[in-house]
Amino acid sequence: MNSRSVRVRFAPSPTGGLHLGGVRTALFNYLFAKRYNGKMVLRVEDTDQTRFVPGAEQYIVDCLEWCGIVTDESPLQSGPYGPYRQSDRKPMYRQYAEQLIVQGDAYYAFDTPEELEKMREDLKTPENPSPQYDITTRMRMRNSLSMPPGEVDALLEAGIPYVIRFRMPEGETIQFDDLIRGSISNDTGLLDDKVLLKSDGMPTYHLAVVVDDYLMKISHIFRGEEWLPSAPLHVLLWKKLGWEQDMPHFGHLPLILKPDGNGKLSKRDGDRLGFPVFAMDWTDPQTGEKTIGFKERGFLPEAFLNMLAFLGWHPGTEQEIFSLAELEAAFSVERISRSGAKFDYEKAKWFNQQHIQRTDNAVLAAGVLPFLEAAGLPVDNKDVLVRVVSLVKDRCHTLADFAEQSAFFFRAPEQIDLDSIRGKWTPEKAAFYREWSDNFNAVGSWDHESINASFETAVAASGIKKGELMLPLRIMLVGGKFGPNVMDIMEIIGAAACKERIEAALAQL
RNA sequence: GCCGCGUUGGUCAAGGGGUUAAGACGCCUCCCUUUCACGGAGGAAUCACGGGUUCGAUUCCCGUACGUGGUACCA
């Protein structure tokens, strides 16, 4: 690792919802920058104009903000190396492609999409199902390597569309040291002549990523393993462009796989298995299709990040629950693993549950409120909400769980599990509840202690076992066999509501 | 097909030439709780296979298998 200052980037393509794998890539870059006092830049890779999706860029920014991943430079916070959107940098790329042509490391190619398809079709064999545009085929194609110079000039002058392709050398071995995987080497004879500049004048990812990383002085590149096969091309580009001494260190992150079967985790898997894949809700502007996000499912940002950090990284200690600040302090590239990890939604919920338990009740209440409102629960008192949150948080894995777990605090249960009461029901019990609730006004200050004392006294007088009376009481108040301490519930919902619910239940028994 | 990368319980994983091969999620049992959870205590469950190297391989090397990524004018 050289001594220049650390600059990393997260370079998503704004084509839709932000996948959790993307967030993890952003997180690892961010953590690395924090660890080495570096800068984190967000660069939008929108070189494919056919895949432009309105709103996707802002959505990415919003997701990072929700997560708590802070960028130092981005399209919205310009810095010394802007612009930070590749479409805005379009004029910057061509000169480098042309430099390569002059050097003999790239060439013009005039083949139409149809011609390319025909070549691939014609050359396809069982042994070689995907023929490449490479050293073995380029001389039979229409390019400045295969055609006489005069003809090339004529086409150029006539304004015939063309692309610029990299001229992959033969017989070389490209080797580089990956921060995560160690030495990686490839034989150039097997690599193809990738398009560098498209016919619309836009660079492809390959050209843009190298030019931008150079111009933006990026020192370390952490990206998904799907980029490993094209890393040799990038290394070659750094060399041919004369920037080898400034080449960043590469670190290819393991893939996040689907929980069942095999393959990269996709949005489809989430839809199919019922869990979110995107960081936040995403609505496709074309189809109007909405995809749920972790945020809206009730995840705490730090829990989300904590869970993501453990998908491919391990601190080497027993500690599993980390705040963002703790991750920043503990993160180390050496502990990133090489193998892909299957995403486990159950474990994700466990991380969330652990963070919920550690979150201050008032803070939690603020986060929970939107979920209760969405469930139509009338919450009119913040203090009561904080109290309720403290009582039910134990059993919540997501913020959304609070709605179900605390609904009875805010309104009478719609369904009462009468069957669980009827089994041992007696007229004596009915009389007990009727009499006790009629005397609620004698309880005095309506709090846990007083209510309990009143209950104990009444139970003793009735001669019925306490256990026989506690469960039905709970069911009458909350609707079922769940929830926190009954006396706490009674205190919060108030004497009047308790009496009403008991009477309503009695009427049905 | 070819090329790259990978392979410790169902999942995430620690470890690393000699260990009873950590821990967590999930699952099961029990305890706690006059409910449900939380929590606690236990339990079942793992080094892909074949060759080497070695006194000794889960660990090192080589193969094989399997998985996965790439093989686009997508990123």
Between [M] and [N] - [atom1] atom distance, rounded Å:
N: B/C61; M: B/A57; atom1: C1'; result: 12 Å
N: B/C25; M: B/U46; atom1: C1'; result: 16 Å
N: B/U68; M: B/G51; atom1: C1'; result: 26 Å
N: B/C5; M: B/A37; atom1: P; result: 49 Å
N: B/G70; M: B/C38; atom1: P; result: 40 Å
N: B/U19; M: B/C47; atom1: C1'; result: 13 Å
N: B/A45; M: B/A13; atom1: C1'; result: 15 Å
N: B/G63; M: B/G4; atom1: P; result: 11 Å

Q: Cation-pi check, A/Arg395 to A/Phe482: give yes when NZ or CZ is under 6.0 Å from the six-membered ring centre and within 45° of the ring axis, no otherwise.
A: no
Can you check the [X] [atom1] to [N] [atom2] distance for me, whole Å?
X: A/Asn485; N: B/C32; atom1: CG; atom2: P; value: 18 Å
X: A/Leu265; N: B/U68; atom1: CG; atom2: C1'; value: 14 Å
X: A/Trp350; N: B/A37; atom1: CH2; atom2: P; value: 19 Å
X: A/Asp394; N: B/C38; atom1: CG; atom2: C1'; value: 4 Å
X: A/Leu418; N: B/U35; atom1: CG; atom2: P; value: 20 Å
X: A/Gln86; N: B/C74; atom1: CD; atom2: P; value: 13 Å
X: A/Leu391; N: B/U35; atom1: CG; atom2: P; value: 16 Å
X: A/Lys481; N: B/C36; atom1: NZ; atom2: C1'; value: 10 Å

Give each protein N/O atom lying under 3.5 Å from an N/O atom of nucleotides 70-73 of chain B, with the pair distance.
from, atom 1, to, atom 2, distance (Å)
B/U71, O2', A/Gln132, OE1, 2.7
B/C73, OP2, A/Arg165, NH2, 3.1
B/C73, O2, A/Ser199, N, 2.9
B/C73, O2, A/Ser199, OG, 2.9
B/C73, N3, A/Ser199, OG, 3.0
B/C73, N4, A/Asp111, O, 3.1

If you count the non-hydrogen atoms of other residues, nucleotides and ligands that lie under 6.0 Å from [atom1] in [X], is the total more than 12?
X: A/Arg140; atom1: CZ; result: no
X: A/Arg223; atom1: CZ; result: yes
X: A/Gln286; atom1: CD; result: yes
X: A/Glu404; atom1: CD; result: no
X: A/Gln175; atom1: CD; result: yes

Under 4.0 Å, counting only non-hydrogen atoms across every strand here, what does [X] touch: a base, just sugar-phosphate, or nothing?
X: A/Asn186; answer: sugar-phosphate
X: A/Pro129; answer: base
X: A/Ser185; answer: sugar-phosphate
X: A/Gly316; answer: nothing
X: A/Glu318; answer: base
X: A/Leu469; answer: nothing
X: A/Arg335; answer: sugar-phosphate

Q: Would you please indicate yes or no on a ring centroid separation below 6.0 angstrom for A/Phe28 and A/Phe222?
A: no
Q. Looking at A/Tyr162 versus A/Tyr108, is the centre-to-centre ring distance below 6.0 Å?
A. yes
Q: Please check if any side-chain donor atom of A/Ser266 sits under 3.5 Å from a side-chain acceptor atom of A/Asp269, or the reverse.
A: yes
Q: Please check the phosphate of B/C74 (OP1 and OP2 only) for any side-chain N or O of A/Thr47 closer than 4.0 Å.
A: no
Q. Quick one: is B/A14 close enough that its OP1 or OP2 comes under 4.0 Å of any side-chain N or O from A/Gln319?
A. no
Q | Pairwise side-chain contact, A/Ile421 with A/Met476, heavy-atom cut-off 4.5 Å (strictly under) | A | yes
Minimum-distance nucleotide (side-chain atoms of [X] versus [options]):
X: A/Glu346; options: B/U35, B/G1, B/C25; value: B/C25
X: A/Leu228; options: B/U68, B/C3, B/G4; value: B/G4
X: A/Lys466; options: B/A24, B/C36, B/U34; value: B/U34
X: A/Ile184; options: B/G4, B/U35, B/C2; value: B/G4

Q | Protein proximity profile, nucleotides 6-13 of chain B - base contact B, sugar-phosphate-only contact S, no contact -, cut-off 4.0 Å on heavy atoms | A | SS---SSS
(Q) Ring-plane angle category for A/Trp227 and A/His206, please: parallel below 30°, perpendicular beyond 60°, tilted otherwise. (A) perpendicular
Q. Is the A/Tyr214 ring parallel, tilted or perpendicular to the A/Trp238 ring (thresholds 30°, 60°)?
A. perpendicular
(Q) On RNA chain B, compare the nucleotides closest to A/Leu190 and A/Arg395; which residue's is nearer the 5' end? (A) A/Leu190
Q: On RNA chain B, check which nucleotide each of A/Pro12 and A/Phe482 is closest to and give me the residue with the more 5' one.
A: A/Phe482
**Q.** Audit row: A/Arg338, A/Glu225, salt bridge (charged side-chain N to carboxylate O under 4.0 Å, His left out) steps and yes/no
**A.** CA-CA 9 Å; A/Arg338 286 147 297 274; A/Glu225 192 189 325; over 6 Å; no
(Q) Name the residue from A/Phe343, A/Phe299, A/Phe294 that meets the ring pair (Phe, Tyr, Trp, His ring centres under 6.0 Å) definition with A/Phe275. (A) A/Phe343
**Q.** Range-with-range stems of RNA chain B (Watson-Crick or G-U pairs under 3.5 Å, three or more in a row)
**A.** B:1-7 with B:65-71, B:10-12 with B:23-25, B:27-31 with B:39-43, B:48-52 with B:60-64
